Amino acid sequence: MADQPVVRRRVVKTGISEERTNNSKVQSQYQPYKDAAWGFINHWYPALFSNELPEDHVEGIQICGIPIVLRRVDGKIYALKDQCLHRGVRLSEKPMCFDKETISCWYHGFTFNLESGLLSTIVANPNDKLVGTTGITTYPVQEVAGMIFVFVREDDFPDADVPPLSEDLPVRFPENSERFPHPLWPAAPSVLDENAVALGMHRTGFGNWRIACENGFDNAHILVHKDNTIIHAMDWVLPLGILPTADDCIATVEDEKGPKGLVQWLFTEKWAPVMENKQLGLKIENTKGRPYRTSVVLPGVLMVENWPEEHVVQYEWYVPITDDTHEYWEVLVRVCPSDADRKKFQYRFDRVYKPLALHGFNDCDLYAREAMQNFYADGTGWDDEQLVATDVSPITWRKVASRWNRGIAKPGRGVAGALKTTSLRFKDTADGLRPGYKVPKIPDEE
Ligand code: FES
């Protein structure tokens, strides 16, 4: 034993530093956010693009652990809880509609009124005493610019308290041009503008919605885009990161009526772009300025103004499906008054921005968020992370979201993904079906 060499290890201190910006006092100001693994409820969320729900079509989705079925009848869209109150199957798995007013459960025939959710009959048991005494929750719906939004609410949330969609969308221009001037670009469009066209896509991200959301406006994350094709094809200057230089580098938006969130004063003297790291021999050499500004509002809507080109705005939503999956929405909005404008925008979207920005560039965000998931999956990551000065953005967001959310979603019950180790989850995965947002339909008998 004596001739065995002694191995000396240099011990690097890995304890949590007192210098971190999110000490326990700061953390206590965003406890509700830490509790919101399943999302914030009683908010408006995008559900589908309009073209995903043609006339008389039925589709099932899941938001904040709540299963929701949508049906379009004579152009009008209805949304109800997609969980039969008899024995819990999803109505959307095998849609059965006998008239324009109802949707029936394909299993034992419980039939619900689309408008009220009331149990209006049972196919083979119309005189049962349960009929007319109970029902399923309905959800307010609004369709704008080719997108369908649903107000995802608790079962007892009153109709009278449903806020307008505009309160859950980013700040608008030109109404806010004086408050949030944007001299470097034209006013950012909104899905609520006349002639607004929203083009985009949505896909399932495998991670909690909060770590996805924070990525979008975290000014240090742009490092993941350093080598992206669109950056170099366009010769855009994208800094290695952007450092805050003033205490008021972020404006919170907390008007009584209106969206709640924050706007970052990017591309002003309040933030300094970092173009070089001499120690590592890194330098940004591109030459074309690409100024943009990010903001975020409840329930987790990112707006990137002046991106990826002038007159266009990029919106992103990170819609919680479960506590470990979210639906990632990437949408470009432009006001297109004429058919020719629409065609031009669609062409540019198909040929340039979908492949290079919504894929390409944003694919890097998706894998970066998924790379964080294991650290946060059991909730301990929120305590163990050691944040720095650039993380002022997520910290501010967490505090605002904690102050103004309309409710913390409860963990899903009796729904896909509520339990991670059910035989069905394993079966679906083995069959090549990833956990996702839309309900797969039971195939018709062949
Ligand atoms: Fe729906 Fe029985 S489960 S009617």
Side-chain angles (χ1 to χ4, degrees), residues 14 16-17 19-23 26-27 30 33 205 207-228 230-232 236-252 261-286 289-296 300 302-308 314 316 318 328 357 360-376 381-401:
T14 56
I16 291 173
S17 167
E19 298 303 315
R20 70 180 192 170
T21 61
N22 59 334
N23 57 27
V26 172
Q27 284 198 25
Y30 56 77
Y33 185 80
N208 185 261
W209 73 276
R210 291 165 297 181
I211 55 181
C213 180
E214 292 180 0
N215 159 279
F217 57 91
D218 158 7
N219 296 312
H221 98 280
I222 51 178
L223 184 64
V224 305
H225 300 301
K226 181 171 74 63
D227 304 317
N228 285 169
I230 194 166
I231 299 297
H232 296 286
W236 286 344
V237 177
L238 189 73
L240 295 167
I242 313 178
L243 279 173
T245 57
D247 287 342
D248 58 349
C249 59
I250 295 173
T252 58
L262 61 85
V263 177
Q264 310 199 86
W265 293 109
L266 298 184
F267 294 91
T268 72
E269 71 292 345
K270 294 174 184 176
W271 289 87
V274 178
M275 308 301 287
E276 190 171 4
N277 183 313
K278 288 206 171 99
Q279 183 185 340
L280 300 174
L282 279 171
K283 193 169 178 190
I284 300 298
E285 309 270 5
N286 291 358
R290 180 68 255 164
Y292 64 90
R293 179 166 65 188
T294 50
S295 55
V296 62
L302 175 78
M303 173 165 70
V304 190
E305 293 170 58
N306 204 38
W307 186 272
Q314 182 166 320
E316 295 189 8
Y318 318 89
Y328 176 36
F361 191 91
N362 287 6
D363 286 356
C364 296
D365 293 311
L366 202 61
Y367 69 61
R369 297 162 190 164
E370 291 180 357
M372 286 170 84
Q373 172 61 11
N374 283 334
F375 185 72
Y376 288 89
W382 303 102
D383 301 325
D384 293 344
E385 59 182 13
Q386 300 199 42
L387 304 187
V388 294
T390 43
D391 293 311
V392 60
S393 316
I395 290 176
T396 308
W397 154 245
R398 293 173 187 182
K399 289 184 195 170
V400 175

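Every value quoted in this text rests on a predicted model; they were computed, and no experiment measured them.
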With the side chain counted from C-beta on, respond yes when [X] and [Y] share a heavy-atom pair under 4.5 Å apart, and no when they do not.
| X | Y | value |
| --- | --- | --- |
| C213 | L302 | no |
| F375 | D384 | yes |
| C249 | Q264 | no |
| T396 | T252 | yes |

Exercise: identify the closest heavy-atom pair between [X] and [Y]:
| X | Y | answer |
| --- | --- | --- |
| T245 | W271 | OG1-N, 3.5 Å |
| N22 | I395 | CB-CD1, 4.1 Å |
| C364 | N228 | SG-ND2, 3.2 Å |
| L238 | I284 | O-CD1, 3.4 Å |
| G205 | L366 | CA-CD1, 4.2 Å |

Salt-bridged, R290 to E305, with N to O below 4.0 Å?
->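 Result for this pair is no, no salt bridge flagged.
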Taking NZ, NE, NH1 and NH2 as the nitrogens, is one of them in R369 or E316 under 4.0 Å from a carboxylate oxygen of the other?
-> yes
[X] side-chain N/O to [Y] backbone N/O, donor-acceptor pair under 3.5 Å:
| X | Y | value |
| --- | --- | --- |
| H221 | A368 | no |
| D391 | V388 | yes |
| N23 | V26 | yes |
| Q314 | M303 | no |
| N208 | R210 | yes |

Check the pair D248, W265 against side-chain contact (heavy atoms from CB on, under 4.5 Å), reporting the backbone distance first and the verdict last.
-> CA-CA 8 Å; D248 58 349; W265 293 109; 5.7 Å; no
Just do the salt bridge (Lys or Arg N to Asp or Glu O under 4.0 Å) check on R398 and E385 with the steps written out, would you?
-> CA-CA 14 Å; R398 293 173 187 182; E385 59 182 13; 2.7 Å; yes
Give a yes or no on whether the ring-centroid distance for F361 and W307 is below 6.0 angstrom.
->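 Yes.
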Heavy-atom count around D247 CG within 6.0 Å, excluding the residue itself: above 12?
-> no
Can you tell which of F217, F267, W236 makes a ring pair (Phe, Tyr, Trp, His ring centres under 6.0 Å) with Y292?
-> F267
Single hit among I250, L262, D218 for side chain to side chain contact (heavy atoms under 4.5 Å, CB included) with W397 | L262
Take R293 and N306, measure what side-chain contact (heavy atoms from CB on, under 4.5 Å) needs, and give me the verdict at the end.
-> CA-CA 7 Å; R293 179 166 65 188; N306 204 38; over 6 Å; no
Verify whether one side chain among H225 and D365 offers a donor that lies under 3.5 Å from an acceptor in the other.
->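 Short answer, yes.
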Polar side chain donor-acceptor pair, N215 to Y318, under 3.5 angstrom =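 Their side chains do not contain a donor-acceptor pair, so the 3.5 Å distance test is not met.
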Which value, rounded to the nearest 0.5 Å, describes the distance between T390 atom OG1 and N219 atom CG?
-> 8.0 Å
May I have the step-by-step check of side-chain contact (heavy atoms from CB on, under 4.5 Å) for Y30 and V400, ending in yes or no?
-> CA-CA 8 Å; Y30 56 77; V400 175; over 6 Å; no
Sequence neighbours left out, cut at 3.5 Å: what donor-acceptor pairs do the side chains of residues 273-283 make with other protein atoms?
| from | atom 1 | to | atom 2 | distance (Å) |
| --- | --- | --- | --- | --- |
| N277 | OD1 | Q279 | N | 3.1 |
| N277 | OD1 | L280 | N | 3.0 |

